[in-house]
Amino acid sequence: MSGDKTNIFNLNEQFLTAEIAARYARGAYHCRGVMNHLYNTGGLAGLAEAEHFRANPELGRKIEVDFDSELPPVSRMLEEEGTVKFTLALHDGLEIESVIIPMRRHTSLCVSSQAGCARGCSFCRTAGMGLMRNLTAAEIVAQYMTARFVFAKDIRNIVFMGMGEPMDNLNAVLTAVDILTNIYGAALLPRRISLSTCGQCQGLRALNERIRSEPEKSYHLLPLGISLHAVTDKVRDSLMPVNRQWPLAE
């Protein structure tokens with residue numbers, strides 16, 4: 001990805017509309033045209049010929065040049081019995097894993113929210129890496145775009161159960177949710193995007209506050225999974241350090 005351009009996968013409809021207004025004095029119509037083209041073709045190439053830009057192809061060509069829509073390269077891939085695990089190589093040398101999982105009625109994608117993880121669960125391989133950094137919304141969305149367009153999978157369900165703790169990177173996670181559920185773009189159903197947490201209560205409270213303060217968003221529809229792994233604090237303490245800070249009662 002180019003370091004000099006704005007990564008378009010970081011921008012939900014609100015911020016992309018603001019960018020288009022500031023740069024080109026255009027508004028929501030063209031923003032929605034960009035999102036429709038981007039999330040239905042996999043990139044900005046050919047935007048000038050898209051329906052929303054037929055009257056102004058030069059604007060489409062400017063947007064193609066001014067924004068970055070390049071996906072991180074796939075560095076590794078393993079396929080077994082229809083399940084595809086792939087690794088993306090990020091711009092700073094870090095790698096993240098995603099898994100495409102065929103289901104009876106749809107295809108699911110397991111995505112990462114961080115490179116590594118700080119939570120230290122004893123049964124998790126990622127825990128041994130420690131936390132390297134949070135992912136950007138663009139790096140989360142890129143996992144979907146790679147599954148959809150590089151591997152040509154019709155992804156209908158996303159689970160945040162890959163590398164990292166989603167509640168430790170809530171702002172980027174919810175921005176990615178905004179982007180992936182936007183009706184002019186990927187148009188995934190909010191009830192098909194699940195957040196899985198080890199029980200990070202500060203993040204759960206922050207999510208609850210976002211639900212209350214932004215009722216127009218779809219956050220209240222997101223399924224939430226809490227990984228318990230034990231039903232007593234004594235056992236859970238030994239497996240999951242997070243339980244010492246936020247025990248089961250909390």
Side-chain angles (χ1 to χ4, degrees), residues 1-24 28 30-47 50 52-53 60 62-75 86-98 100 109-115 133-156 158-160 162-164 166 169-188 190 192-193 195 217-218 222:
M1 295 186 182
S2 170
D4 298 328
K5 298 181 181 180
T6 298
N7 189 318
I8 200 164
F9 294 121
N10 266 324
L11 303 177
N12 61 18
E13 183 182 355
Q14 175 188 352
F15 286 103
L16 182 56
T17 298
E19 282 281 335
I20 288 174
R23 292 172 185 244
Y24 317 112
H30 287 98
C31 168
R32 291 167 181 174
V34 171
M35 295 189 73
N36 183 265
H37 181 82
L38 178 66
Y39 291 100
N40 284 282
T41 69
L44 290 174
L47 182 64
H52 286 67
F53 294 88
K62 286 180 181 178
I63 294 173
E64 287 182 46
V65 171
D66 292 346
F67 290 88
D68 179 17
S69 64
E70 183 181 356
L71 296 174
V74 176
S75 57
F86 64 89
T87 302
L88 297 183
L90 304 182
H91 66 91
D92 54 2
L94 297 177
E95 293 184 326
I96 53 172
E97 288 187 344
S98 312
I100 301 168
L109 177 66
C110 178
V111 300
S112 297
S113 56
Q114 297 178 302
R133 68 171 173 84
N134 287 332
L135 299 185
T136 64
E139 290 165 338
I140 296 171
V141 172
Q143 297 171 72
Y144 165 81
M145 297 297 285
T146 299
R148 175 72 180 83
F149 294 101
V150 176
F151 291 100
K153 302 297 184 181
D154 184 16
I155 303 298
R156 298 295 181 90
I158 290 179
V159 291
F160 280 84
M163 299 168 66
N169 190 20
L170 187 61
N171 286 337
V173 166
L174 293 183
T175 297
V177 168
D178 290 344
I179 293 167
L180 293 172
T181 58
N182 188 280
I183 60 172
Y184 302 104
L188 295 176
R192 291 195 175 276
I193 301 181
L195 307 182
K217 298 289 183 68
S218 57
L222 301 173

Partners passing side chain to side chain donor-acceptor pair (under 3.5 Å) against [X] (at least two apart in sequence or in another chain):
X    : value
N182 : E13
S98  : Q143
N36  : none
Q14  : none

- Please name all residues satisfying side chain to side chain contact (heavy atoms under 4.5 Å, CB included) with T181, sequence neighbours left out, ordered by chain then number. V177, P190, I193, S218
- Message: Just to verify, what does A89 make a side chain to side chain contact (heavy atoms under 4.5 Å, CB included) with, not counting sequence neighbours?
- Response: P73, S75
- Which atom pair, heavy atoms only, marks the closest approach of T6 to R23? OG1-NH2, 3.0 Å
- Query: What heavy-atom pair brings M163 and I96 nearest, and what distance separates the two atoms?
  - Reply: SD-CA, 3.7 Å
Spacing of [atom1] belonging to [X] relative to [atom2] belonging to [Y], to within rounding of 0.5 Å:
X    : Y    : atom1 : atom2 : value
F160 : L109 : CZ    : CG    : 9.0 Å
L188 : I183 : CG    : CD1   : 13.0 Å
K62  : Y24  : NZ    : OH    : 8.0 Å
I140 : L180 : CD1   : CG    : 9.0 Å
C31  : L11  : SG    : CG    : 9.0 Å
D68  : L44  : CG    : CG    : 8.5 Å

Tell me if a side-chain donor or acceptor on [X] pairs with a main-chain N or O of [Y] at a distance below 3.5 Å.
X    : Y    : result
H91  : P72  : no
N169 : L135 : yes
N12  : T175 : no
S112 : E97  : yes
K5   : S69  : no

- Note on the structure: In short, salt bridge (charged side-chain N to carboxylate O under 4.0 Å, His left out) pairs touching residues 87-96 with sequence neighbours left out are R76-E95, D92-R133
- Message: Taking salt bridge (charged side-chain N to carboxylate O under 4.0 Å, His left out) as the definition, give me every residue that meets it alongside E64, ordered by chain and number, with sequence neighbours left out.
- Response: none
Can you give me every donor-acceptor pair (side chain of residues 147-155, partner residue at least two apart or in another chain, under 3.5 Å) with its distance?
residue: D154; atom: OD1; partner: R156; partner atom: NE; Å: 3.1
residue: D154; atom: OD2; partner: R156; partner atom: NE; Å: 3.2
residue: D154; atom: OD2; partner: R156; partner atom: NH2; Å: 3.0

Quick one: are [X] and [Y] in side-chain contact, heavy atoms under 4.5 Å?
X    : Y   : value
V34  : I8  : yes
H37  : I63 : no
T136 : N7  : no

- Return the orientation label for the F9 and Y39 ring planes: parallel under 30°, perpendicular over 60°, tilted otherwise. perpendicular
